[in-house]
Protein chains: 2
Amino acid sequence: MSSDGARVALRATRQRTAVRAALADGDQFRSAQELHAALRERGAGVGLTTVYRTLAAFAETGEVDAITREDGETVYRRCAESGHHHHLVCRECGRTAEVAGPAVERWADRVAAEHGYTEVAHTLEIFGRCPNCT
Amino acid sequence: MSSDGARVALRATRQRTAVRAALADGDQFRSAQELHAALRERGAGVGLTTVYRTLAAFAETGEVDAITREDGETVYRRCAESGHHHHLVCRECGRTAEVAGPAVERWADRVAAEHGYTEVAHTLEIFGRCPNCT
DNA sequence: ATGATAACGGAAACGGTTATCATCTTCGAA
DNA sequence: TTCGAAGATGATAACCGTTTCCGTTATCAT
C-alpha cells in the first residue's frame with residue numbers, strides 16, 4: 001500500500017504557475033488544448049505535453065476537476081468545492097453547477113458491495129438545458 | 001400516416017444479422033473492434049466501418065447498451081433489461097451487472113429542476129473490481 | 001425485373017492523448 | 001554558494017479508436 005501518489009510536493013515551475021493562472025481566468029470547463037492556446041496567447045508559452053501532464057497532476061491532487069465529456073474529450077476546471085461532487089452541465093452553453101449527493105454516493109457504494117465489488121468508483125453527470133438556454 | 005418522424009425500419013442485411021449473432025454470443029461488453037475480430041474469425045466478414053455504424057444504429061434504437069469506459073473506448077452489449085438502468089462494471093474483466101436506481105433518477109431530476117434545468121438526462125456508471133478479480 | 005436509395009467497406013483522415021528522448025531547471029546537501 | 005541528481009520540459013512522432021470519403025453492392029417497393 002504505497003499508492004499515496006500525492007505525497008511528494010510538485011516542484012515550483014514557471015509552467016505550472018502559468019497553467020494555474022490560466023485556470024483562474026474562468027470558471028468554465030476547458031480542454032487541455034484550449035488552455036494551451038490561451039497560454040500561448042498571453043505570451044506564457046507552455047508545451048502541449050506539459051499542459052496535459054500538469055492538468056493530469058492537478059487532477060490527481062484534487063486541485064482541479066476533470067470530467068470526460070460525452071464525445072470523449074477531457075475537460076478541466078479549478079475546483080470550487082472540495083471533496084467528491086458531481087456536475088450539472090448545460091448541453092447548450094456549457095454552464096456548470098457543482099452538486100453534491102451524499103445519498104447517491106451511499107447508494108452506489110451499497111449496490112457495489114451487494115454485488116461483491118471492491119475498489120468502487122463511479123461517474124455521474126447530469127445534462128440539461130439551463131434557465132438561460134431554455 | 002405517421003404522426004411524427006418515426007424511424008423507418010432498418011434494412012435486413014447479412015452484416016446486421018452477423019453483428020446481432022456476434023452480440024448474442026456473450027453477455028460481456030465488447031468494443032467494436034473486438035466484435036469485428038470475432039466476426040472475421042467466424043468467417044462472417046463485416047467491414048470495421050459497418051460494425052461501427054451498426055452498433056451506433058443499434059444503440060440508437062435501444063437494441064444494445066453502449067457505455068463509454070474510463071479510457072474513452074465505447075463498448076457494447078445486447079440489452080438484458082429494457083428501460084432505463086445503469087451498470088456496475090468490473091474494471092478488470094469487464095463483467096457487468098445491470099442495476100436500477102429509481103431513487104437516483106428522482107434525485108437527478110430534482111437537483112436539475114432546482115437549478116432550473118430542463119430536458120434533463122444523466123449518465124451514471126459504477127466501476128469496481130468484481131469478486132473473482134479481487 | 002427494375003430502379004431509387006440504403007448500406008457497405010477499404011483506405012485515408014481525424015483528433016485527442018501519450019511516448020520518446022535530449023535538454024533544461026529546481027532545490028537540498030555539502 | 002556551488003553542485004548534481006532527480007524532476008520537469010517540450011518538439012516531434014507515434015498511437016488508437018473513430019469517422020469520413022466515395023465508388024460499389026444489396027435491398028425492397030413497385
Side-chain angles (χ1 to χ4, degrees), chain A residues 2 4-22 29-61 63-77 94, chain B residues 1-2 5-22 29-61 63-77 89 91 94:
Chain A
S2 51
D4 280 287
R7 270 287 160 66
V8 181
L10 299 178
R11 288 185 176 173
T13 65
R14 172 183 70 77
Q15 290 86 346
R16 296 212 243 255
T17 303
V19 171
R20 263 194 205 95
F29 276 92
R30 278 170 296 171
S31 68
Q33 316 237 18
E34 284 169 342
L35 287 164
H36 175 242
L39 284 163
R40 172 161 298 182
E41 238 170 63
R42 73 164 64 185
V46 177
L48 179 57
T49 306
T50 300
V51 173
Y52 273 105
R53 272 192 301 237
T54 302
L55 289 170
F58 285 176
E60 187 95 4
T61 68
E63 182 171 341
V64 303
D65 275 344
I67 70 176
T68 300
R69 292 191 312 207
E70 289 173 314
D71 70 352
E73 190 173 11
T74 304
V75 289
Y76 305 86
R77 189 177 75 154
Chain B
M1 58 165 349
S2 52
R7 45 184 54 89
V8 179
L10 299 179
R11 287 185 178 174
T13 66
R14 174 182 69 78
Q15 290 86 347
R16 295 212 244 255
T17 302
V19 171
R20 261 193 206 98
F29 276 93
R30 278 170 296 173
S31 68
Q33 316 236 19
E34 285 169 342
L35 287 164
H36 175 241
L39 285 164
R40 170 160 301 182
E41 238 170 63
R42 73 164 66 184
V46 177
L48 180 57
T49 305
T50 299
V51 174
Y52 274 105
R53 273 190 302 234
T54 302
L55 289 170
F58 285 176
E60 187 95 6
T61 67
E63 182 170 340
V64 304
D65 275 345
I67 71 176
T68 301
R69 290 192 315 207
E70 288 174 314
D71 70 353
E73 190 172 9
T74 304
V75 288
Y76 305 85
R77 188 177 74 157
V89 186
R91 61 164 70 85

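Lettering follows sequence order; numbering is per chain, from 1.
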Which residue lies more 5' along DNA chain D, comparing B:Arg14 with A:Arg14 via nearest heavy atoms: A:Arg14
Options C:dG9, C:dT17, D:dG17, nucleotide nearest the side-chain atoms of B:Gln33: D:dG17
Watson-Crick or G-U counterpart of D:dA29, or none if no pair lies under 3.5 Å: C:dT2
Mate of D:dC3 where both pairing distances stay under 3.5 Å, Watson-Crick or G-U: C:dG28
Value in whole Å for how far the C1' atom of C:dC27 lies from CG of A:Leu10: 14 Å
Earlier contact from the 5' end, DNA chain C, for B:Arg11 and A:Ala12: B:Arg11
Non-hydrogen side-chain atoms of B:Thr68 and A:Thr68 separated by less than 4.5 Å: no
Short side-chain N/O contact from B:Arg40 to OP1 or OP2 of C:dG9, under 4.0 Å: no
Atom-pair distance (CD on A:Gln15; C1' on D:dA11), nearest Å: 14 Å
Atom pair distance, as rounded to whole Å: CG in B:Leu48 and P in D:dT18: 9 Å
Neighbours of DNA chain D within residues 49-59 of chain A, by heavy-atom distance under 4.0 Å: A:Thr49, A:Thr50, A:Arg53
B:Thr74 side chain, from C-beta outward: closest of D:dT18, D:dT9, C:dC8: D:dT18
Validation row: A:Leu10, A:Arg16 side chains within 4.5 angstrom (heavy atoms): yes
